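Step one of this worksheet: look at the structure below.
From a predicted model like this one, the values you see are computed outputs, not experimental measurements.
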Amino acid sequence: MIYRHTQLGKVIVGAMGGIAILAILTLVGFRGISPVVITIYLVVLVILTCFAFLATELQGPLLRCFFGFGLIHRSIALSDIREARSMTNPWYSGWGIRWRPGGYWLWNVSGYRAVELVFNNGKRIRIGTDEPEDLIQAGKKLI
């Protein structure tokens with residue numbers, strides 16, 4: 001493996017902490033806790049855990065990206081990439097996985113910086129990272 005980087009989603013981790021505190025206060029402060037409330041807390045914590053960080057790695061001929069513990073992931077063959085460039089996403093782009101009006105998919109967990117990959121067929125994807133230059137340089141070593 002030539003490159004591996006994991007970026008922490010600080011806002012998401014903060015939200016997880018807040019929900020955990022609410023769950024503890026709910027359990028300690030009230031008698032007769034509703035199973036529905038506990039279930040909602042658990043579901044939200046599982047969802048947030050899935051998006052707590054974004055890992056990017058270059059492994060052989062593949063670029064792999066995965067959120068959390070790998071349940072949500074994507075592998076891209078380096079041979080399918082025509083161009084890679086450092087980009088800055090607008091503040092309103094948000095976090096998670098989303099289709100952006102500019103005609104590209106965005107995978108982002110924190111911050112505004114990303115590497116935009118342009119595929120041989122013209123499609124694009126942006127992978128959020130706090131070290132876009134390092135990812136681009138590592139990819140050039142494999143091509």
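Under the 4.5 Å side-chain heavy-atom criterion for Ile, Leu, Val, Met, Phe, Trp and Tyr, I12 and V44 are members of the same hydrophobic cluster. Cluster annotation: L63 and V118 are assigned to distinct hydrophobic clusters (Ile/Leu/Val/Met/Phe/Trp/Tyr, side-chain heavy-atom contacts under 4.5 Å, transitive). Follow the hydrophobic side-chain contacts under 4.5 Å out from W105 and you reach L78 in the same cluster. Under the 4.5 Å side-chain contact rule for hydrophobic residues, V13 and L54 do not share a cluster. Each of I127 and W95 belongs to its own hydrophobic cluster when Ile, Leu, Val, Met, Phe, Trp and Tyr are linked at side-chain heavy-atom distances under 4.5 angstrom.
Once rounded to the nearest 0.5 Å, the distance linking CZ of R100 with CD1 of I125 reads 14.0 Å. Note: L42 CG to T49 OG1 = 10.0 Å, rounded to the nearest 0.5 Å. The distance from atom CG of D134 to atom NE2 of H5, rounded to the nearest 0.5 Å, is 8.5 Å. Put simply, CZ on R4 and CG on L58 are 11.5 Å apart, with the number rounded to the nearest 0.5 Å. Expressed to the nearest 0.5 Å, how far CG of L135 lies from OG of S86 amounts to 9.5 Å.
By the neighbour-count criterion of 12 heavy atoms within 6.0 Å, atom CH2 of W91 is sparsely surrounded, having that number or fewer from other residues, nucleotides or ligands. Counting non-hydrogen atoms of other residues, nucleotides and ligands closer than 6.0 Å to CG of L71 gives a total of 12 or fewer. Counted within 6.0 Å of CZ on F119, heavy atoms from surrounding residues, nucleotides or ligands total more than 12; the atom is thus considered enclosed.
Counting all heavy atoms, side chain and backbone alike, A55 lies closest to T6 at CB-OG1, 3.7 Å. Nearest heavy atom pair, residue S110 against residue G9, reads CB-CA, 4.1 Å. When every heavy atom of S93 is checked against every heavy atom of L106, the shortest pair comes out as CB-CD2, 3.6 Å. Residues R113 and D130 share a closest heavy-atom pair of NH1-O, 3.3 Å. The nearest pair of heavy atoms linking N120 to S79 is ND2-O, 2.9 Å. The shortest heavy-atom contact between C65 and T56 is SG-CG2, 4.1 Å.
Centroid-to-centroid, the aromatic rings of F53 and F66 stay 6.0 Å apart or farther.
Looking at R82, its side chain never comes within 3.5 Å of a backbone N or O of G122 through a donor-acceptor pair. Under the 3.5 Å distance criterion, the side-chain polar atoms of Q7 are left unmatched by any main-chain donor or acceptor of V109. Of the possible polar contacts, one joining the N108 side chain to the G111 backbone as a donor-acceptor pair under 3.5 Å is found.
With respect to W107, the ring pair (Phe, Tyr, Trp, His ring centres under 6.0 Å) criterion is satisfied by exactly one of W99, F51, F67: F67. The only option from K123, R124, E116, R126 that meets the side chain to side chain donor-acceptor pair (under 3.5 Å) definition with Y104 turns out to be R126.
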